[in-house]
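First comes the structure, then the notes that go with it.
Atoms within a ligand are numbered from 1 in the order they appear, just like the ligands themselves.
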Amino acid sequence: MLNKRKIKDVSSKILSPNKNITCILILKKGQLFYSVVKNDQEIIKKSQLGIEICGEGILGENLNLIREQKTFHDETIEMPWGEDRWIENKYNESSFFLAENTTLGRIMTLRIRVFDTGVAFRYEIPPQPKFRQISIKDELTEFNLSPSSTVWQIPAYQPDRYEYCYTKTKLGLLTGSVHTPLTIQTPDKTYLSIHEAALYNYGSMTLCLNNSILKSDITPLSDNTKAHVVLPFCTPWRLIMIADTAIDLTKNRLIYALNEPPTSDFSWVKTLKFIGIWWAMYVGEWSWAPGDKHGATTTHAKEYIDAAVKLGISGLLIEGWNDGWEGNWLENGINNKFTVPTSDFDFESVANYAKRRNVELVGHHETVGFVDNYEEQLEAAYNYYAVNGVRYIKTGYAGSKMTINGRQEFHHSQRGVNHYQKTVELAASKHICLNIHEPIKGTGLERTWPNLLAREGARGQEYEGGSLTPSHACFLPYTRLLSGGMDYTSGILDIKNTTKRVYTTISRQLAYYITIYSGMQMAADRPFMYLDRYPDLFEFIKCVPTNFEKTLPLSGEIGEYYLVARKDRDSANWYIGGITNEKSRQVDIVLDFLDDENYQAMIYFDKNDAHYKTNPDSYQIKHKKIKRGDTITIFIAPGGGFAIELQRL
Ligand code: NOJ
Ligand code: CA
């Protein structure tokens, strides 16, 4: 069976529909490589491809091309909710059917799609004549970029998962593995983000340097393999988003284009704004655990339901309602009972009251990473909520590793990925929407599973109290948010609280509702801050939508500032938000994108003397009539931000 055919070299080009981007598939002496060229500039040099299988060697060598199949696809996807209703899915695709020229004679398909804004490819491994199951030892995919490229990274394999501050460094100086999306600026000033789409049943891709070349490093399982799979199997899409500017990169929606449409009806899914028995725990007024300061009591829950009604907010999150929070909850998660409320919390009575008052409860499951404990109760836990009319659940996986099948696994390993997916599918079967904290990163799955409404997966406002710099939220749109929305828990107006000081100006808390999208947006402070202390600022938090027709990133630079406009999905109104790092700036917003002529503008912004450290609550609100084509000039204080509502007249 050896040398059935002589190995032939191949070089095949796949062009983007607008012809600006080319991906070249190279087969050299039977080895598989690719490169990417943008406008005659090689942005990804010849990079290796392949998969190493435990005990079976590398799939990616001694290959012959059997056939190349080309297709062109042009479709506009309608998203049920999100930042944009319409998403372009237009690409040239080549599928390369490959076969090994060895006695093993294994076969594989490499599928490459080239879009106007990026390149994606994945490995597809069909059932082989000799075996149906494989364990993956390594994925050899490289992204061969200039070491002098700039990267903005967070480290992988760390105890706080994705909850780190971004660091800017040279690609050649990277140490250890880093998470994706990894944002990169090449020496010729092209912006890239390397990420993945449709992550199912496989370890999440991190990236590390291997002989100075950026290479995929799939999150391992505790047995040191990357994944155990049954054939046919395909890897997630390896995605390279490409743009000329940092702000253009934030327009990239290819993760959704690379996921499949839903297979059942999800018209029951609705985005949500919610308050919570939550920040009171962070500022030390209440506790998760039962006792004198217990937050989740029947009385507090009903008071918060009344507050939600008064505020005109649809949802209420209740954390600390169940057995298991006693003592150091971060260590005792094994005790969590997801169908047993604490003795001072009458769940049925609260659920009935919420129903009567038309408030959506957001249930809460903090697993502390004890997945075995959670999975044992999973069906019962979701039923418990479902039968009581709870249609939203926030889950949490605090803890540096997960306990799965009695073993310590990374959250982002194949077993972690499969657990998260199990919860999404179970929730969908019960018409429940999820907001996952300490999640697996976003890879566009919400296209297929629209009930996956929100996730955290970055350092959010729970880290306030001094460990969030103003630049942090200015990194997010260009990095983490390329993987989808984030529950940043915005709207903390008690910024000078001495227990948990929030280092932003107060107007910036409103800006976050525009600059950080989430299908479930929290008004995270205690209700009295909205009802009694700042009803004027709360007007914006109340009216800002959670579902947009379209999003227009306006301008910005990574870690410096970000300005964005979004049009409401359900009205003709527009919303504009902007934030800056430690530097104040004056920005001009040219309103040439508006659909109609005349609007009433409500502008919430920093006063000239505002400063995130020394004078955070100095704000002003201006109302004025504006028309399409006008320019609004706004001052943003150090660590500040602004929010604008434009109501069509
Ligand atoms: C971490 C989550 O991010 C936070 O929102 C939650 O309150 C705590 N875990 C407790 O579950
Ligand atoms: Ca968290």
Evaluate the side-chain proximity of F642 to I636: yes if any heavy-atom separation is below 4.5 Å, no if none is.
->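 Side-chain contact under 4.5 Å: yes.
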Flag side-chain contact, heavy atom, 4.5 Å: M205 against P236 =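 Side-chain contact under 4.5 Å: no.
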Once the angle between the rings of H412 and Y162 is folded into 0 to 90°, is it parallel (under 30°), tilted (30 to 60°) or perpendicular (over 60°)?
-> parallel
May I ask you to decide if the ring planes of W278 and Y282 are parallel, tilted or perpendicular, using 30° and 60° as cut-offs?
-> tilted
Near ligand 1, which protein residues have a heavy atom under 4.0 Å away?
-> W278, Y282, W288, E319, W325, W329, H364, E366, K394, H437, E438, E456, E462
Sorted by chain and number, protein N/O/S atoms nearer to the Ca ion (ligand 2) than 3.0 Å are E163 OE2, E438 OE2, E456 OE1, E456 OE2, E462 OE2
Would you name the heavy atoms of V424 and I436 that are closest together and state the gap between them?
-> CG2-CD1, 4.3 Å
Please step through ring-ring contact (aromatic ring centres under 6.0 Å, His included) for the pair F347 and Y384, ending with a clear verdict.
-> CA-CA 10 Å; F347 173 57; Y384 185 71; 4.9 Å; yes
Pair D372 + R407: basic N to acidic O under 4.0 Å |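 Between R407 and D372 there is no salt bridge, as every charged N stays at least 4.0 Å from the carboxylate O atoms.
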Just checking, any donor-acceptor pair under 3.5 angstrom between side chains of Y374 and H365?
->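 Yes, a side-chain donor-acceptor pair sits under 3.5 Å.
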Begin with the C-alpha distance, continue with both residues' side-chain angles, and end with the deciding distance and a verdict on side-chain hydrogen bond (donor to acceptor under 3.5 Å, both in side chains) for S471 and T469.
-> CA-CA 5 Å; S471 50; T469 61; 3.1 Å; yes
